[in-house]
Amino acid sequence: MPRQVILTRREVFSSSHRLFSDSLSLEENKKVYGKCINSHGHNYTLEVSVKGEVNPDIGMFMNITELKEVIKTEVMDKLDHKNLEEDVPELKGIVTTTENLSIFIWDQLYKHLKNFLYEVRILETENNFVVYRGE
Ligand SMILES: Nc1nc2c(c(=O)[nH]1)N=C([C@H](O)[C@H](O)COP(=O)(O)OP(=O)(O)OP(=O)(O)O)CN2
Ligand SMILES: [Zn+2]
C-alpha cells in the first residue's frame with residue numbers, strides 16, 4: 001500500500017513592514033490597522049510542508065536539501081532582512097498581512113514544488129499565525 005507522508009521544513013526570517021492600504025484614507029487606515037500602520041519588524045517563523053509517497057528504494061519522496069534550496073531562493077533571499085513594502089517588487093501595493101504573505105510564499109514555492117506543496121504556515125509573532133493550503 002502506498003504511504004503518504006507530510007514533510008516539513010522550518011525557517012526563520014526577519015522583515016520590517018507596516019500595514020497600510022492604498023485604497024483607504026489615512027484616517028481609515030488608522031482605524032483598521034491601529035499601531036500597525038507604523039513601520040515595525042517581526043522574526044517570522046515559516047513552516048513549509050510537502051506531501052508525497054515514500055519511494056521504498058530510497059526511503060523518501062523528496063530530499064530535504066532540495067526543499068531547503070527552493071525555500072532559500074524563493075523566500076529567504078527575497079524576504080529576509082528586507083523591508084516588505086520597499087524591497088520586494090512583487091509585494092508592491094499589497095498589504096503585507098500574514099495572510100497575504102502566506103499566499104505570496106505559496107505562489108513562489110508552487111512554481112517549483114507543484115502538487116507536492118501541501119501547506120504554508122507562518123507565525124508572525126508567538127501568538128499569531130496563518131495557515132494556507134492553496135485554496
Ligand atoms: N488578520 C491579521 N491581523 C493582524 C496582522 C495580520 O497579519 N493579520 N498583523 C498585525 C501586525 O502586523 C502586528 O505586528 C501584530 O502585532 P501585535 O498585535 O503587537 O502582536 P501580538 O499579537 O503578538 O501581541 P500581543 O502582545 O500578544 O498583543 C496586526 N493584526
Ligand atoms: Zn506586523
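Counting convention: from 1, in listed order, for ligands and their atoms alike.
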Q. Which residue supplies the protein heavy atom nearest to atom 30 (N) of ligand 1, what is that atom called, and how far is it?
A.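 Going atom by atom, the protein heavy atom closest to atom 30 (N) of ligand 1 ends up being Leu19 CD1, 4.4 Å.
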Review point. How far is atom 13 (C) of ligand 1 from its nearest protein heavy atom, and which residue and atom name does that atom have?
Key: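 Among all protein heavy atoms, the one nearest atom 13 (C) of ligand 1 is Cys36 SG, 3.2 Å.
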Q) So, for Asn115 and Tyr110, which heavy atoms are closest and what is the spacing to 0.1 Å? A)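 Taking every non-hydrogen atom into account, OD1-OH, 3.0 Å.
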Would you name the heavy atoms of Met60 and Val54 that are closest together and state the gap between them?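 So the two residues come closest at N-CG1, 3.6 Å.
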Got [X] and [Y] here, is their nearest side-chain heavy-atom distance under 4.5 Å?
| X | Y | result |
| --- | --- | --- |
| Ile94 | Leu84 | no |
| Phe116 | Leu67 | no |
| Thr98 | His42 | no |

Fit a plane to each ring of Trp106 and Tyr132, take the angle between them on a 0 to 90° scale, and name the class: parallel (under 30°), tilted (30 to 60°) or perpendicular (over 60°).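 Geometry flag for Tyr132 against Trp106: perpendicular rings.
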Within ligand 1, which atoms have a heavy atom of [X] less than 4.0 Å away?
| X | value |
| --- | --- |
| Thr125 | 20 (O), 21 (P), 23 (O) |
| Asn127 | 23 (O), 27 (O) |
| Thr98 | 6 (C), 7 (O) |

- Query: Can Arg18 be said to touch ligand 1, with heavy atoms closer than 4.0 Å?
  - Reply: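 So Arg18 does not count as touching ligand 1.
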**Study point:** contact_flag Glu126 ligand 1 heavy-atom lt 4.0 Å
**Key:**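 No heavy atom of Glu126 comes that close to ligand 1.
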What part of Leu101, side chain from CB on, backbone N/CA/C/O, both or neither, has a heavy atom under 4.0 Å from ligand 1?
->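 None of Leu101 does.
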Check: For ligand 1, is any non-hydrogen atom under 4.0 Å from Thr97's backbone (N, CA, C, O), its side chain (CB onward), both, or neither?
Finding: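 It is both parts that get close, each with some atom under 4.0 Å.
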Legend entry - Spacing of Ile105 atom CD1 and Asn100 atom CG [to the nearest 0.5 Å]: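 Rounded to the nearest 0.5 Å, the CD1-CG separation comes out at 11.0 Å.
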Atom OG of Ser25 and atom NZ of Lys30: how far apart are they, to the nearest 0.5 Å?
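Going from the OG atom of Ser25 to the NZ atom of Lys30 covers 9.5 Å.
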Next on the checklist: Considering Lys35, Glu99, Glu124, His17 one by one, which has a heavy atom nearer to atom 19 (O) of ligand 1 than any of the others?
Outcome noted: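 It is Lys35 that holds the nearest heavy atom.
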Pick, from Ile122, Val32, Asn128, the option with the minimum heavy-atom distance to atom 22 (O) of ligand 1.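 Checking each option, the heavy atom nearest atom 22 (O) of ligand 1 is found in Asn128.
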A quick test of your reading: do over 12 heavy atoms of other residues, nucleotides or ligands sit less than 6.0 Å from CD of Glu126?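 No, because the 6.0 Å sphere around CD of Glu126 holds 12 heavy atoms or fewer from other groups.
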Any protein heavy atom sitting closer than 4.0 Å to [atom]?
| atom | value |
| --- | --- |
| atom 28 (O) of ligand 1 | no |
| atom 7 (O) of ligand 1 | yes |
| atom 1 (N) of ligand 1 | yes |

*Partners passing ring-ring contact (aromatic ring centres under 6.0 Å, His included) against Phe129 (at least two apart in sequence or in another chain)*: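 Phe129: no ring-ring contact (aromatic ring centres under 6.0 Å, His included) contacts found.
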Discussion item. Go through it in stages, so that I can follow the logic: the residues are Leu113 and Met62, the test is side-chain contact (heavy atoms from CB on, under 4.5 Å), and I'd like the CA-CA distance, side-chain angles, deciding distance and then a yes or no.
Written reply: CA-CA 10 Å; Leu113 302 170; Met62 183 182 294; 3.9 Å; yes
* Glu74/Lys78 ion pair, N-O < 4.0 Å ->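 A salt bridge is present here (some side-chain N lies under 4.0 Å from a carboxylate O).
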What protein atoms of element N, O or S are positioned under 2.8 Å from the Zn ion (ligand 2)?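 Under 2.8 Å from the Zn ion (ligand 2) - ignoring waters, which are not counted - the protein N, O or S atoms are His17 NE2, His40 NE2, His42 NE2.
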Original post:
Between Thr125 and Asn127, is any side-chain donor less than 3.5 angstrom from a side-chain acceptor?
Top reply: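 No, no side-chain donor-acceptor pair sits under 3.5 Å.
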